[in-house]
Amino acid sequence: MSSTYEAYAEALARRKPAEEGLGERRLSFAALGFEPTFVTALQKAFPNVQEPTAVQEKLIPEILSGKDILLKDGTGTGKSFGLVLALLNTPRVVVHEGGKSRRVVTTLFIVPHRDLAYQLVEWIERLASAFGTSGGLSSIVQVVVRGSNKTLGTTIEEIKETPPHILIGTPQGLLEIYREDEDALQLWTLSTVVVDEVDYLVETAARKEAGKSFHKAYEKAVRKVQLHPGPTREILDVIYGKEEERKERAQLIMTSATLRVHLKDYLFEESGWLDADNLVKIVGGKTEAKEVTHSILIATGVREEKTEKISANVVETIATAFAVDVSGTALLVVPASAGVQRVVEDLRSLGVDAEGLDVRRGAAGENPRLLVATAATMRGLDLPQLSHVFVVGLVDGRSVNGRVVDSYVHIAGRVGRFGGRGRVVSVVEDEEEAKKMSRILRTIRVPNKHFP
Ligand SMILES: Nc1ncnc2c1ncn2[C@@H]1O[C@H](COP(=O)(O)OP(=O)(O)OP(=O)(O)O)[C@@H](O)[C@H]1O
């Protein structure tokens with residue numbers, strides 16, 4: 001696979017810029033700058049993908065023209081897929097040293113969790129094999145995540161020996177490698193850096209008008225972020241803080257379905273990462289998942305002491321709702337404090353075919369299946385088999401604020417993708433929590449429908 005693909009990627013380096021051939025933009029991948037061989041492979045690998053989506057039509061040419069991009073569009077509009085397509089169509093970076101040429105990593109693609117990394121690899125794998133080549137994938141894509149079955153040493157060796165076109169990693173995984181061996185990630189020669197789900201990966205403090213007490217809370221939040229900037233910031237500070245070490249600045253692309261104002265302010269005014277003179281902001285149109293219904297269910301049963309974990313009442317209510325309404329596959333999103341494995345076991349003891357979400361696991365059997373995850377481990381995943389999403393309470397907090405509303409948007413966005421149908425059911429402990437959930441639904445302007 002690598003040889004044909006590499007020849008393609010290197011031929012791209014010699015090609016005239018995509019815009020010159022664009023003329024009037026039409027809704028076809030070829031018109032966006034992809035070669036016919038690539039379009040053929042794309043449609044062979046993904047027969048459902050015939051035309052670019054609205055956001056892909058805007059995004060792909062900007063990526064190919066090398067601009068910095070800040071992209072916000074609804075969930076399931078094809079952002080991540082569009083990124084993958086465009087990035088496979090950027091020329092490989094080749095470094096010339098001492099009379100010799102060698103390929104280096106071209107794109108660093110930062111994602112919030114392991115499963116999203118594996119999903120992107122699976123897409124690339126399908127595309128690469130439709131390209132009609134055989135052999136290892138490692139020169140096209142490699143993954144860096146913590147807790148994989150490879151040692152740190154092996155991962156570093158593989159990247160150095162066969163630098164991939166696209167290196168996909170979680171921030172923690174990438175930082176671990178950088179700390180072990182500064183040269184392994186080849187940060188100084190990167191052509192593009194992508195931060196997918198940036199609002200999750202880069203934490204900022206919400207700035208608000210308001211009185212003294214809020215000001216104190218804000219200062220505290222700022223100090224917290226300064227003290228613990230998080231691995232994504234650390235990596236971006238390394239890449240964009242040492243401009244003098246690079247010949248050319250790496251293009252930076254950041255995307256999410258939700259971008260809060262304070263994050264945008266931080267990115268534009270403080271981060272120093274973006275190139276203001278070569279930046280485009282892409283904001284998608286209003287995407288309403290009309291075929292998705294939202295419901296709030298109050299758990300019934302004997303009220304128990306509230307703990308950090310999910311109560312037996314909530315688990316039983318989910319098991320019942322699942323039995324009544326799900327005939328295929330559903331997702332259950334629980335607070336991280338509940339422990340996915342524990343919830344899986346509780347559900348199994350009630351006869352539910354539950355398992356922890358893992359995109360590498362095979363397709364479902366005959367029985368209805370409930371995949372259990374946290375808000376952090378399902379971010380950005382494309383799970384077309386889902387009909388329902390169950391959510392335990394507010395998941396990401398105790399009171400309704402912007403972050404909690406955004407989290408709900410991402411959770412609910414696992415269904416209703418590409419105009420599909422779906423049902424989102426929030427299971428809450430009591431009336432008080434039900435009121436908070438209703439506020440979230442009102443904020444995103446969807447009605448609370450009776451379940452089922
Ligand atoms: N142009 C297209 N035509 C048809 N289907 C598409 C197209 N582009 C992507 N898809 C399908 O959409 C799914 C991918 O959506 P993707 O994950 O990229 O959406 P997203 O906007 O990144 O979502 P989220 O905000 O939840 O991360 C895949 O199943 C892919 O096959």
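Both ligands and their constituent atoms are indexed starting at 1 by order of listing. Residues take their numbers from the sequence shown, with the count starting at 1.
Given atom 4 (C) of ligand 1, the protein heavy atom at minimum distance is Asn48 O, 3.5 Å. Among all non-hydrogen protein atoms, the one lying nearest atom 30 (C) of ligand 1 is Phe81 CD1, 4.0 Å. Protein heavy atom nearest atom 11 (C) of ligand 1, with residue, atom name and distance: Phe418 CE1, 3.6 Å. Nearest to atom 29 (O) of ligand 1 among the protein's heavy atoms is Asp382 OD2, 2.4 Å. The protein non-hydrogen atom at the shortest distance from atom 8 (N) of ligand 1 is Gln56 NE2, 2.9 Å.
In this structure, Leu190 CG and Leu167 CG are separated by 8.5 Å, a value rounded to the nearest 0.5 Å.
Using a 3.5 Å distance cut-off with no hydrogens or angles, the side chains of Asn448 and Ser438 do not pair a donor with an acceptor. In summary, the side chains of Thr204 and His262 do present a donor paired with an acceptor at a separation below 3.5 Å, with no hydrogens or angles considered. Looking at Ser138 and Glu158, their side chains never bring a donor and an acceptor atom within 3.5 Å of each other.
For an aromatic pair to be called close, the ring centres must be under 6.0 Å apart, and Phe451 with His388 fails this.
The aromatic rings of Phe38 and Phe131 lie tilted to each other, with the angle between the two planes from 30° to 60°.
Listed for the Arg260 side chain is a donor-acceptor partner under 3.5 Å among the backbone atoms of Gly402. Under a 3.5 Å cut-off, the side chain of Gln172 and the backbone N or O of Pro231 do not form any donor-acceptor pair.
Taking 4.0 Å as the cut-off, Arg414 counts as a neighbour of ligand 1 on heavy-atom distance.
By the 3.5 Å distance cut-off applied to N or O atoms, Gly76 is counted among the residues near ligand 1. The shortest N or O to N or O distance between Pro384 and ligand 1 is not under 3.5 Å.
Atoms of ligand 1 lying under 4.0 Å from any heavy atom of Thr77, numbered from 1 in the order shown and given with element: 19 (O), 20 (P), 21 (O). In the vicinity of Glu51, heavy-atom distances shorter than 4.0 Å reach the ligand 1 atoms 1 (N), 2 (C), 3 (N). Heavy-atom proximity to Glu197, at under 4.0 Å, picks out these atoms of ligand 1: 27 (O). Here is the list of ligand 1 atoms found below 4.0 Å of a heavy atom in Gly380: 27 (O).
One option in Arg417, Lys79, Arg126, His410 has a heavy atom closer to atom 25 (O) of ligand 1 than any other, and that option is Lys79.
Between Arg249 and Asp68 there is a salt bridge, since at least one side-chain N of the basic residue sits less than 4.0 Å from a carboxylate O of the acidic one.
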